[in-house]
Amino acid sequence: MQASTPVSITAASQAAPQPQATPLAAPKMKAMHHDRYGPLDLLALRDIERPTVGDTDVLIRVRAAGLHIGDCFGVHGSPFPMRLVSGLLKPIYGVPGFDVAGHVEAVGSKVTQFRPGDAVFGACKGACAEFVTAPASTLALKPARLTFVQAAALPTSGLAALHALRDAGRVRTGQRVLINGASGGVGSFAVQLAKAFGAEVTGVCSSGNVDLVRSLGADHVIDHTQQDFTEGGQRYDLILDNVENRSLDECRRVLTPSGTLILNSGTGAQGMAMLIRLLKPLVLSPFVRQSLKRYLSTPSHADLVVLAELVEAGRLTPVIDKTYPLHETAGALRHIESGHARGKVVVSPPG
């Protein structure tokens, strides 16, 4: 009998078809999402992929997300320059929310200052979701005396007020400071910060907010429905104008001869009129004694720590107007667009 030819086990195993590994599905999360620009009603609660964590990123389980007018612009895709950040023809990510507070879920390989379980707050993109990633450089530990809702109200508006007064305005003890729009998100922080810096503060607001602005520490309060602050006899060393409902000439009239006017982009204008209003003070400023400024506010860990320290010292407290559940984000943004929000508007995901 002829011996059978031995079969190589290795060769046979190589020839046999190998089972294909099933790729793991990317984890999902709930988020308020829009896939095109338009009305706020485009926002819908959807299942989307959970963001991945880069080397210098922190993954946060969102406990609260702070909102402001920039989130409305992001959904509308207007003013058009907003699209340079959010996507030219359609939203790149499509989840609103620049401010977050929550617990650290995971950290990137190069992150050393945070660890899972830490309570943090700071700036990000896409906070109206169950999870969000943010650079570690735009986060800080949450002040213990604040709730997550309060902490989520702090980053963008608190930093805008800090950068306006401390950096652009260089406010000093004893200066007379006027805050136009003193009851809004930035204004409510600005009143408190100006007082913390030792200024004599005048707040401008509507009738219903006079008591609120006074409670924030304003020395004087002007009800704009009863009095035009540009018609008074008082002159100010620094004006922070969050509304821009008065002309440049009118505001300059109540500045001291070497005073500073800081304009915070609340133009309300459109098209070429908006461009002129944005640029006119910058073009004029080099030719007059008064300093006419616009400024950029960018988040940083160091400045978030400054805000946290002021909170812990009892000198800064976020004002919360309303809190909405995540699925009512569109309603929260409509409330902001109405112009009647007192302080900050916040949304909270479930869980």
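Since the model is a prediction, treat every value here as computed from it, not as a measurement. In this chain, residues are counted from 1 in sequence order.
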Given the rule in the salt bridge (Lys or Arg N to Asp or Glu O under 4.0 Å) test, do Glu105 and Arg61 qualify, once you have shown the distances and angles that lead to the verdict? CA-CA 6 Å; Glu105 191 80 3; Arg61 182 182 291 273; 3.3 Å; yes
Run the salt bridge (Lys or Arg N to Asp or Glu O under 4.0 Å) test on Glu328 and Lys322 for me, step by step, so that the C-alpha distance in whole Å, both residues' side-chain angles and the decisive distance to 0.1 Å come before the verdict. CA-CA 12 Å; Glu328 293 183 11; Lys322 291 185 178 181; over 6 Å; no
Under the side chain to side chain contact (heavy atoms under 4.5 Å, CB included) criterion, do Gln192 and Leu310 qualify, and how do the steps go? CA-CA 10 Å; Gln192 297 176 78; Leu310 287 166; over 6 Å; no
Can you list the steps and then say if Arg246 with Asp228 is a salt bridge (Lys or Arg N to Asp or Glu O under 4.0 Å)? CA-CA 9 Å; Arg246 293 294 180 268; Asp228 183 344; 3.1 Å; yes
Under the salt bridge (Lys or Arg N to Asp or Glu O under 4.0 Å) criterion, do Arg170 and Asp237 qualify, and how do the steps go? CA-CA 11 Å; Arg170 300 179 183 272; Asp237 301 295; over 6 Å; no
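Between the side chain of Lys344 and the backbone N or O of Leu67, at least one donor-acceptor pair lies under 3.5 Å. Without hydrogens or angle criteria, Arg334 side chain to Leu40 main chain gives no donor-acceptor distance under 3.5 Å. Judged by distance alone, with hydrogens and angles left aside, the side-chain atoms of Asp71 form a donor-acceptor pair with the main-chain N or O of Gly97 at under 3.5 Å. No donor-acceptor distance shorter than 3.5 angstrom exists from the side chain of Arg235 to the backbone of Gly259, with no hydrogens or angles considered.
Between the CZ atom in Phe73 and the CZ atom in Arg83 there is a gap of 13.5 Å [rounded to 0.5 Å]. To the nearest 0.5 Å, atom CD of residue Glu200 and atom NE2 of residue His220 are 4.0 Å apart. To the nearest 0.5 Å, the span separating OG on Ser206 from CD1 on Ile222 amounts to 13.5 Å. Between the OG atom in Ser215 and the CG atom in Leu212 there is a gap of 4.5 Å [rounded to 0.5 Å].
A 6.0 Å sphere centred on CZ of Arg145 holds more than 12 heavy atoms belonging to other residues, nucleotides or ligands. Around the NZ atom of Lys90, the shell of radius 6.0 Å holds no more than 12 heavy atoms that belong to other residues, nucleotides or ligands. Applying the 6.0 Å contact sphere to CG of Leu84 captures more than 12 heavy atoms from other residues, nucleotides or ligands.
Checked by atom type, the side-chain pair Asn245/Asn180 shows a donor-acceptor distance below 3.5 Å. With no hydrogens or angles considered, a side-chain donor-acceptor pair links Asp321 and His335 at under 3.5 Å.
At a threshold of 4.5 Å between side-chain heavy atoms, the hydrophobic network of Ile, Leu, Val, Met, Phe, Trp and Tyr places Leu307 and Val346 in two separate groups.
Between Leu292 and Leu263, every side-chain heavy-atom pair lies at or beyond the 4.5 Å cut-off. In this structure, Pro281 and Leu261 have side chains that are not in contact, with every pair of non-hydrogen atoms separated by 4.5 Å or more.
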